[in-house]
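Some notes on the structure that comes next.
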Amino acid sequence: MEIKIVRSSRKTVSIQINQDLSVVVRAPRWVSKRELDLIIKEKEPWIIAQVEKLSAKKAAYEANRPTPLTTLELNELADQALAVIPERVKYYAPIVGVSYGRITIRNQRTRWGSCSGKGNLNFNCLLMKTSPEIIDYVVVHELCHRKEMNHSAAFWKLVENVLPDYRERRKWLRDHGQELMALLGE
């Protein structure tokens, strides 16, 4: 096992296992090579266990990684989203008490929706792979940004006024969102 040593003005020794299974030991400049070798020898069982655990996790992920959607499939999702999401926006906008501008459907890798300062709304076409409750949560979330362009307590109170169970919906998206985003591929 190859271990890279990085010395700096830090105060302690740390061992880092990277996603590529490389091992980096970060150490203060004053720690001798002999002392570092002793630390690494002492921690070797832990290092091996961590590398094996990460390796198994990566193998499981690769084996279960979904096949990325084709361009045709993404276009079909976008068409579905154009039929569904503007209707949900039209329904919730008066409840939230806001107006909005243009609605755009995208296939973003990191966001479910966004709201510009001009009131234009963007939504991820992958929302069509979720339930109506999750779609409504994202729609309400973005519409509430028309009143509060932040995630302050006042913003979350607005969301809660419309969707009292928003926390469960938000948690579902946090727990399952990466699986869906993986459908976009690398």
Side-chain angles (χ1 to χ4, degrees), residues 14-24 26 46-89 91-92 96 100 102-117 120-146 148-153 155-160 162-186:
S14 74
I15 301 171
Q16 173 183 326
I17 315 298
N18 296 317
Q19 291 296 322
D20 65 358
L21 305 179
S22 63
V23 180
V24 177
R26 299 183 185 283
W46 179 86
I47 294 169
I48 291 168
Q50 296 308 308
V51 168
E52 287 173 354
K53 187 162 53 169
L54 185 57
S55 181
K57 216 178 202 181
K58 284 181 75 166
Y61 172 78
E62 291 299 323
N64 296 315
R65 184 181 2 193
T67 304
L69 297 171
T70 65
T71 302
L72 178 64
E73 291 169 322
L74 285 170
N75 289 339
E76 288 172 358
L77 282 179
D79 290 344
Q80 289 174 24
L82 278 171
V84 172
I85 292 175
E87 290 302 313
R88 302 313 295 155
V89 171
Y91 174 80
Y92 280 108
V96 176
Y100 56 92
R102 192 178 58 240
I103 296 173
T104 307
I105 305 299
R106 302 173 187 256
N107 53 358
Q108 300 157 292
R109 293 178 186 279
T110 58
R111 293 174 180 236
W112 293 106
S114 62
C115 174
S116 75
N120 295 324
L121 304 173
N122 296 309
F123 295 97
N124 194 319
C125 69
L126 291 176
L127 284 169
M128 300 317 297
K129 293 276 194 188
T130 69
S131 68
E133 292 79 16
I134 301 304
I135 294 169
D136 285 354
Y137 163 69
V138 175
V139 165
V140 169
H141 182 112
E142 298 313 328
L143 286 171
C144 287
H145 278 311
R146 295 290 293 128
E148 292 284 336
M149 285 297 277
N150 54 52
H151 289 112
S152 64
F155 168 82
W156 290 113
K157 189 69 184 154
L158 288 170
V159 175
E160 187 174 37
V162 180
L163 299 174
D165 67 341
Y166 84 88
R167 285 179 186 85
E168 290 83 24
R169 300 176 194 216
R170 183 175 180 222
K171 182 181 181 328
W172 187 94
L173 209 48
R174 259 193 265 123
D175 292 346
H176 301 282
Q178 289 301 354
E179 299 162 27
L180 292 171
M181 291 292 186
L183 293 172
L184 294 175
E186 296 295 319

* When you look at CZ of Arg174, are more than 12 heavy atoms from neighbouring residues, nucleotides or ligands closer to it than 6.0 Å? ->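 Enclosed.
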Please round to the nearest 0.5 Å and tell me the distance separating atom [atom1] of [X] and atom [atom2] of [Y].
X: Leu183; Y: Gln178; atom1: CG; atom2: CD; answer: 11.5 Å
X: Thr104; Y: Leu82; atom1: OG1; atom2: CG; answer: 8.5 Å
X: Ile105; Y: Leu127; atom1: CD1; atom2: CG; answer: 8.0 Å
X: Lys58; Y: Lys53; atom1: NZ; atom2: NZ; answer: 15.5 Å
X: Ser116; Y: Tyr100; atom1: OG; atom2: OH; answer: 14.0 Å
X: Leu143; Y: Cys115; atom1: CG; atom2: SG; answer: 7.5 Å

* Going through the distances and angles, do Ser114 and Leu121 end up as a side-chain contact (heavy atoms from CB on, under 4.5 Å)? -> CA-CA 6 Å; Ser114 62; Leu121 304 173; over 6 Å; no
* Asked: Does the pair Glu168 and Trp172 meet the rule for a side-chain contact (heavy atoms from CB on, under 4.5 Å), with working shown?
  -> CA-CA 6 Å; Glu168 290 83 24; Trp172 187 94; over 6 Å; no
* Asked: Is there a donor in the side chain of Gln16 and an acceptor in the side chain of Asn18, or the other way round, less than 3.5 Å apart?
  ->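 Yes, because at least one side-chain N or O of Gln16 sits under 3.5 Å from a partner of the opposite role on Asn18.
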So, the side chain of [X] versus the backbone of [Y]: is there a donor-acceptor pair under 3.5 Å, distance only?
X: Arg169; Y: Glu133; answer: yes
X: Lys129; Y: Leu180; answer: no
X: Asn124; Y: Gln108; answer: yes
X: Gln50; Y: Ile47; answer: no
X: Arg109; Y: Gly185; answer: yes
X: Asn120; Y: Arg102; answer: yes

Just so I know, are the side chains of [X] and [Y] near enough to count as touching, which here means a heavy-atom distance under 4.5 Å?
X: His145; Y: His151; value: yes
X: Leu126; Y: Trp112; value: yes
X: Arg26; Y: Ile15; value: no
X: Cys125; Y: Leu74; value: yes
X: Leu77; Y: Glu73; value: no
X: Met128; Y: Val84; value: yes
X: Leu158; Y: Val96; value: no
X: Leu163; Y: Asp165; value: yes

* Just do the side-chain contact (heavy atoms from CB on, under 4.5 Å) check on Phe123 and Arg106 with the steps written out, would you? => CA-CA 6 Å; Phe123 295 97; Arg106 302 173 187 256; over 6 Å; no
* Aromatic ring pairing Tyr137/Tyr166, orientation class (parallel under 30°, perpendicular over 60°, tilted between) ->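 Parallel.
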* Which heavy-atom pair separates Glu179 from Asp175 by the least distance, and what is that distance? ->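 That would be OE2-O, 3.8 Å.
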* **Ion pair check, Glu160 and Lys157, cut-off under 4.0 Å** =>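 Looking at Lys157 together with Glu160, the answer is yes, because their closest N to O distance falls below 4.0 Å.
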* Asked: With a distance cut-off below 6.0 Å to the six-membered ring centre and an angular limit of 45° from the axis, does Arg170 pair with Trp156 as a cation-pi contact?
  ->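 Relative to the ring axis of Trp156, which defines the angle, Arg170 lies inside both limits.
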